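Here is the structure we will look at.
Computed from a prediction, not measured in an experiment: that's the story for all the values here.
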Amino acid sequence: MNKAPAGIERRKYYRINDVVMLRYEVLPESGGSGDEALAGGAEVGISTEALLAELDRELNRSINTVWRENPVLAEALGLLNRKIAVVAADILSYEEKDQHAYDDARVSLSGCGIAFEAREALDPGTRLRLQVILQPSQITLSIAGSVVGCEERMSSTTMPWWIRVDFDEDLQAQEQLIQHVVQKQSSLIAESRSDSALNTRRD
């Protein structure tokens with residue numbers, strides 16, 4: 001994998017098996033700064049639906065506060081909020097259509113790389129731009145990387161290739177990925193302990 005961020009050794013990157021929404025594009029080959037400009041900088045975002053839901057909760061709290069002092073103003077704000085909700089529904093419909101371009105992918109994920117099932121083979125060294133939607137947070141990452149391995153899987157006819165990619169160093173994206181991996185690990189450990197306790201009681 002690529003060089004880890006300062007103060008974080010590569011061996012300390014935990015890896016989990018996960019299911020994410022994934023799509024990728026092959027970046028054009030170019031020399032020098034052109035390729036670096038395409039690859040540099042991951043974008044981290046929250047889905048429009050999650051952001052609107054949070055804003056709606058905050059606005060409703062504010063409207064409830066205003067209602068005690070000025071019911072007319074509060075009613076006007078409520079109507080404005082409903083109008084915004086109609087517009088938001090149109091936005092979400094476009095976003096939902098865009099998400100159809102993603103595949104639900106079984107992946108092996110860490111803070112510095114990803115391995116995923118694919119329909120096509122990719123040569124080592126191929127530069128990719130990957131769009132990843134983490135579940136269930138709906139956090140979207142756009143991050144570049146390089147293919148470091150491509151193995152054929154005889155067990156699958158629809159997704160016969162297993163692609164391994166090293167991410168370019170990007171502290172913001174890596175922090176998001178590390179948090180996601182840790183949260184998933186904690187959830188799996190809690191589920192395992194719960195199942196173990198349940199089985200013990202049955203015995």
Side-chain angles (χ1 to χ4, degrees), residues 5-8 12-25 37-107 109-112 114 116 129-145 167-194:
I8 302 178
K12 293 185 179 179
Y13 278 113
Y14 295 104
R15 180 173 291 275
I16 60 168
N17 294 323
D18 202 1
V19 177
V20 302
M21 298 182 70
L22 174 72
R23 67 182 180 187
Y24 66 86
E25 61 178 329
L38 280 171
E43 302 167 5
V44 180
I46 300 175
S47 71
T48 305
E49 184 176 10
L51 180 58
L52 288 171
E54 178 61 27
L55 291 173
D56 192 56
R57 285 192 292 270
E58 293 180 7
L59 182 55
N60 284 332
R61 285 196 293 267
S62 298
I63 291 174
N64 289 335
T65 301
V66 171
W67 190 272
R68 291 191 289 268
E69 301 292 333
N70 192 331
V72 175
L73 177 58
E75 183 178 4
L77 290 173
L79 290 171
L80 179 60
N81 191 29
R82 287 172 59 188
K83 182 177 181 179
I84 293 173
V86 173
V87 176
D90 287 337
I91 294 173
L92 289 175
S93 67
Y94 282 111
E95 184 176 270
E96 189 173 325
K97 291 176 183 177
D98 183 60
Q99 286 194 356
H100 290 324
Y102 287 80
D103 287 322
D104 287 332
R106 297 185 182 277
V107 303
L109 183 65
S110 76
C112 58
I114 189 173
F116 58 92
R129 167 69 68 180
L130 300 107
Q131 309 284 341
V132 182
I133 302 180
L134 303 176
Q135 304 294 339
S137 65
Q138 294 294 303
I139 290 175
T140 302
L141 301 177
S142 174
I143 186 168
F167 294 140
D168 291 353
E169 183 176 329
D170 187 287
L171 294 178
Q172 185 183 17
Q174 286 170 324
E175 180 63 27
Q176 289 284 347
L177 287 166
I178 291 169
Q179 289 179 13
H180 175 76
V181 169
V182 170
Q183 289 170 0
K184 284 280 188 175
Q185 282 184 321
S186 298
S187 178
L188 290 172
I189 291 172
E191 289 178 8
S192 177
R193 287 176 177 172
S194 177

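Looking at Ser186, its side chain does come within 3.5 Å of a backbone N or O of Val182 through a donor-acceptor pair.
Here the CG atom belonging to Leu77 is positioned 10.5 Å from the CD atom belonging to Glu75, to the nearest 0.5 angstrom. Taking CG of Leu130 as the start and CD1 of Ile143 as the end, the distance is 8.0 Å to the nearest 0.5 Å. Here the straight-line distance linking atom CD1 of Ile114 with atom CG of Asp18 works out to 8.5 Å at 0.5 Å rounding. The CG atom of Asn70 lies 13.0 Å from the OG1 atom of Thr65; values are rounded to the nearest 0.5 Å.
More than 12 heavy atoms of other residues, nucleotides or ligands shown are found within 6.0 angstrom of CD on Gln179.
Residues Met21 and Val132 have side chains not in contact (no heavy-atom distance under 4.5 Å, counting atoms from C-beta outward).
Contact between Gln185 and Ile16 at its shortest, heavy atoms only, is CG-CG2, 3.6 Å. Considering all non-hydrogen atoms of both residues, Arg106 and Val19 come closest at NH1-CG2, 4.1 Å. In terms of heavy-atom proximity, Val181 sits nearest to Tyr14 at CG1-O, 3.8 Å. Across every non-hydrogen atom of Trp67 and Ala74, the tightest pair is CE3-CB, 3.1 Å. Among all heavy-atom pairs drawn from Ser110 and Arg15, the shortest one is OG-NH2, 3.4 Å. When every heavy atom of Arg129 is checked against every heavy atom of Ala144, the shortest pair comes out as NH1-N, 3.6 Å.
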| message | Walk me through whether Ile139 and His180 qualify under side-chain contact (heavy atoms from CB on, under 4.5 Å). | response | CA-CA 9 Å; Ile139 290 175; His180 175 76; over 6 Å; no

